[in-house]
Amino acid sequence: MLEKISKSYNPEDFEDKIYKSWEKSGLFNPDNLDLAESAPSYTIILPPPNITDKLHMGHSVMIAIEDLLIRYHRQKGYRALWLPGTDHAAIATQNAVEKKILKETGKTRHDLGKEEFLKEVWKFIDETQATILKQIKKMGASLDWSRLAFTLDEPRQKAVEKMFVDMYESGVIYRGERIVNWCPRCHSTLADDEVEYKEKTSELYTFYYSKDLPIAISTTRPETKLGDTAIAVNPKDKRYSKYLGKTINLSFLGVDLSLQVIADNLVDKSFGSGALGVTPAHSMADWQMAQEHNLEFKKVIDEDGLIKNDFSKYSKLSSLEARKKIVNDLKEAGLLIKTETIENSISTCYRCSSVIEPLLSKQWFVSVDKPIKHLEGKSLKQKAAEVVENEEIKFLPARFKQTYLNWVNNLHDWCISRQIWFGHRIPAWHREDEVYVGFEKPKEAGWQKDEDTLDTWFSSGMWTFSTLGWPDNYQNGEKKGDLAKFHPTNVLETGYDIITLWVSRMVMMSLFTLNEVPFKEVYLHGMILDGEGKKMSKSKGNGIDPMDLIEKYGADAVRLSLLTGVTPGNDSRYSEEKAEAKRNFINKFWNISRFIISSSDNKINKKAQLNTLADRWIFSKFLEIVENTNERLEKKDFSLATEELINFIWNDLANWYLEISKIEKNKEEILSCMLSGILRLIHPLAPFVSEAIWQSWQNTTLMTEKYPSISEFVNVENVDLKDFELIQEIIVAIREARSAHKIEPSKKIAAYIVVNKKEDLIKNQQALIKNLKTNIKELNFIEKKQAPKEAVFTIASDIEIYLLQEIDKDQELERLDKERKDLEKYIKIVKVKLDNSDFVKKAPEKVVKIEKEKLKSSTEKLEKIIEKIKNLK
RNA sequence: GGGCGCAUAGCUCAGUUGGUUAGAGCACUUCGUUUACACCGAAGGGGUCCUAGGUUCGAAUCCUUGUGCGCCCACCA
């Protein structure tokens, strides 16, 4: 039995054991749930953590929320599927392994060679993947492990290839030469949103290309000027209008340049000299300008970050060396006009922080603008915007709808090829200039497989359906198996920082291939910041490790601490005290249960006899909280649902009703009835402790016990949901009692509810005082002399008043005086309100009536208090 | 440059469509208790709801403005 185990709840005694028993039951798998064929599905696909990750607070929030949703719906009788998986995170993983190998052996990946290196990666994955999965389990996540997926396992490879080929065949995927973000260290392209901008100071050089041309230009990157093919000026800039349209041939430090002078609105007259050297091959903006003006491209820097061969003395230099040398040469040639320091932002690689080199390169792209036949001729971009505009996909909080739409509407073609080794291989073959895209290598000789791999988001973009058996489960436009049962999924729950990177990709991929949305709702949680409001990060060392928290306070406490005091989409600061506070609650709850179970048999009572006022009061509160929790959870208002449930358990049930139950006897039925409800109610929020209590009480698993709803308790007698107010009842009862006993309000005595034994009363008076005192202030004082000898008397069949202690006269006067002042102030406010004819005319009748009643009862109260003060004096 | 968010008790934050005298946790003060629980209980102090206007019978809540933080996107030659 529970009470013999421990006076306080030790999570470590239960959590692992319980998790194993859940896994063993097989009930995380919806196929094993005892459900009617028609039971609706409820699906969440776990946003796959990177295999290299350790669990961090962001994951913990995600798991707490998703597990809550899944457990809630499972208990509600849904076919609840929460599908786990991990992400191969191509670049991140490759970098991690490179770092590791370099540290251990001093070798680079090139030393090892591709094959050896990839072996090392897979070895590494075997180790790290186990870690993150184990940690997810520690949180209590009820994920269906039988469906575990990995973005680079065999089924997903098959799916990715199919997707690529389909997209290629419908012309959405194409190969083209475009300017891309190139990371010289990762030796790969990056998507636009994988680039991070960092504020830095740079040298801005202003100089002439040559003495032959009196137009000066400004740049922070003189080395790229070797590849300039134009000079752009603002069309309104009169200084240069005479040059417009001309082509100027000159020698720039010994390198021949042919420069067209063009006009473009993008050029800022006031920046530098007002003229811009256009380098189409090494600048995003210049590339776009070059497209419009049909300019030539001239590559200067190669994939290693070195100056290419055709640039005389600068060839083979790194871009930085070339820059120094050019600046120096400009000085010597007297061409350099000035050097100034400016603040600008440098684009860097989001994975390794190297400076990005924009360069021209042949890559694979997903076109977002190409009309797609099977989507009514709409493009991916249009469709992705459409389904959010018409709310086929809803955002919570709603403001992120706009963020999403802004982003999608400004979307450019998505570069999906990466020049890293680890990742999905592109199903394409090359033979000289020919390209073939397909599953198998063409039979003729000479075809070489494309060396590139795919952007990691390409495979994670397919996550909602690649995990559900696509493409095998999709034939001739018909879904079957898991795909039919569980797609579209219900909710995508993730951080708002990932809307662009991931959410939009999933939407496009799912629309392209299934012509349906991947999820009906996007719930975005906020970021967890440290105590100072800063992002937690490894390098800053300010992170809190959820595993440490779990070890110290238990998984339930950690979960509750992450669910409360937060609102969706808003960041929140986290400090350990939050977990501590919730640990205290969990322990409280443990003891409440222990107390109730110890005094009840193992029966759960569905029907409770409500004998006394206290019974009716607590039960109505209980029903209120049942309804409230259901409502809150439906609205995904997790924070308030949790807080209010905790508040009910701690304040109403434990501090008030349990104290009464020690005096009034025969509460076993109602207590066990409520405990059964509360355990089921709180299980999605705090699964371990609730299951631990349940299993020491009942022989079933709580996980699949029905989630309580009010209708379950309608057969309980004596409960009228509209008649909850304890105060009213007590007041009536006590008024009757007062006249029956002829008790007058008097000087020095406080009176409180108690029942039967005096000893009990003394012990529990404190708890009782709070409630009566706050609720029926006017009845706090009774003439001591008029009380019966035992100092206990009945004022109603189920309430008795007991005279407790003498009150300090001065203190009491002070208190009463304050109360009087408060009341007077309040009455004044209400009077002003009621005197205001506008209020009476315009406010709803109900509100006016309430106000009038308030005024009346307050005035009565005030009179009584004044009388009391008189008597005391 | 464009967009978004936040500002409420000492701290961290709630506060649902405007409607009782604005709440919780932590911290603080005083007191109590040791067979459900000290990871406890009771009582208490603490707030011009950032500023200035407006709408309304009524504003923490809606609108406008200012200030201070924070974030995202674009540009950065």
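Just so we're on the same page: letters track the sequence lines, and every chain starts at 1.
Distance noted for atom C1' between B:G18 and B:U61: 6 Å (whole Å). Taking atom C1' on both B:C76 and B:C4, the two are 22 Å apart, rounded to the nearest angstrom. Taking atom C1' on both nucleotides, B:G44 is separated from B:C49 by 23 Å, rounded to a whole Å. Taking atom P on both B:U16 and B:C50, the two are 15 Å apart, rounded to the nearest angstrom. Of the P atoms belonging to B:G25 and B:C40, the separation is 12 Å, rounded to the nearest Å. Distance check on atom P: B:G46 versus B:G58 gives 29 Å, rounded to whole Å. Using atom P as the reference point in both B:C63 and B:A7, the two lie 14 Å apart (nearest Å). Spacing of P atoms, B:U8 relative to B:C62, comes out at 16 Å, to the nearest Å.
Counting distance only, with no hydrogens placed and no angle test, the side-chain atoms of A:Arg399 and the base atoms of B:C4 include no donor-acceptor pair under 3.5 Å.
Under the 30°/60° scheme for interplanar angles, the aromatic rings of A:Tyr404 and A:Phe395 are found to be tilted. Relative orientation of the A:Phe585 and A:Phe589 rings is parallel, given thresholds of 30° and 60° on the angle between their planes.
Atom CD1 of A:Ile646 is separated from atom P of B:C13 by 18 Å (rounded to the nearest Å). Atoms CZ (A:Phe589) and C1' (B:A36) sit 13 Å apart, rounded to a whole Å. For A:Asn409 and B:G2, the CG to C1' distance is 14 Å, given to the nearest whole Å. Straight-line distance from the CZ atom of A:Phe648 to the P atom of B:G23: 21 Å, rounded to whole Å. Whole-Å rounding puts the A:Ile829 CD1 to B:A22 C1' distance at 13 Å. Per the geometry, OH belonging to A:Tyr496 stands 7 Å off P belonging to B:C72, to the nearest Å. Here the P atom of nucleotide B:A36 and the CD1 atom of A:Ile592 are 13 Å apart, to the nearest Å.
Checked against B:U12, B:C39, B:U16, the side chain of A:Lys578 finds its nearest nucleotide in B:U12. The A:Lys635 side chain lies nearest to B:U16 when the options are B:G19, B:U16, B:U20. The side chain of A:Val847 lies closest to B:G19 when the candidates are B:A36, B:C57, B:G19. The side chain of A:Asn655 sits closest to B:G41 out of B:G41, B:C39, B:U20. The side chain of A:Ala285 sits closest to B:C75 out of B:G19, B:G25, B:C75. Closest contact between the side chain of A:Arg573 and the listed nucleotides B:A36, B:A14, B:U12 involves B:U12. Side chain of A:Ala843, nearest nucleotide from B:C39, B:C57, B:U16: B:C57. In the set B:U16, B:G41, B:G19, B:G41 carries the atom at the smallest distance from any side-chain atom of A:Lys588. Taking the side chain of A:Leu640 as heavy atoms from C-beta on, and the options B:C39, B:G19, B:A14, the nearest nucleotide is B:A14.
Pairing for B:A36 is absent, with no Watson-Crick or G-U wobble pair whose two atom distances lie under 3.5 Å. With a cut-off of 3.5 Å on both pairing distances, the Watson-Crick or G-U wobble partner of B:A7 is B:U67. A 3.5 Å limit on both hydrogen-bonding distances identifies no Watson-Crick or G-U partner for B:U55. Shown here, B:U48 forms no base pair; nothing in the strands shown gives a Watson-Crick or G-U wobble contact with both key distances under 3.5 Å. The base-pairing partner of B:G1, taking Watson-Crick or G-U wobble contacts with both distances under 3.5 Å, is B:C73.
A:Glu851 has a carboxylate O that lies under 4.0 Å from a charged side-chain N of A:Lys854, or vice versa, which qualifies the two as a salt bridge. No salt bridge links A:Arg559 with A:Asp556; every basic N to acidic carboxylate O contact stays at or beyond 4.0 Å. By the 4.0 Å N-to-carboxylate-O rule, A:Glu203 lies too far from A:Arg323 to be salt-bridged with it.
Between A:Trp650 and B:G41, a side-chain N or O to OP1/OP2 separation shorter than 4.0 Å is present. For A:Thr567 and B:A14, the shortest distance from a side-chain N or O to OP1 or OP2 is below 4.0 Å. A:Asn591 has no side-chain polar atom (N or O) that falls below the 4.0 Å cut-off from OP1 or OP2 of B:C40. The phosphate of B:G58 (OP1 or OP2) has no side-chain N or O of A:Lys833 nearer than 4.0 angstrom. Taking 4.0 angstrom as the limit, A:Asn406 places none of its side-chain polar atoms (N or O) nearer than this to OP1 or OP2 of B:G3.
In this structure, the aromatic ring of A:Tyr826 is positioned over the six-membered ring of the base of B:U21, centres within 5.5 Å and planes within 30°.
Across all their heavy atoms, A:Ile618 and A:Asp652 have their closest contact at CD1-O, 3.7 Å.
The closest side-chain donor-acceptor pair between A:Thr567 and A:Asn570 falls under 3.5 angstrom.
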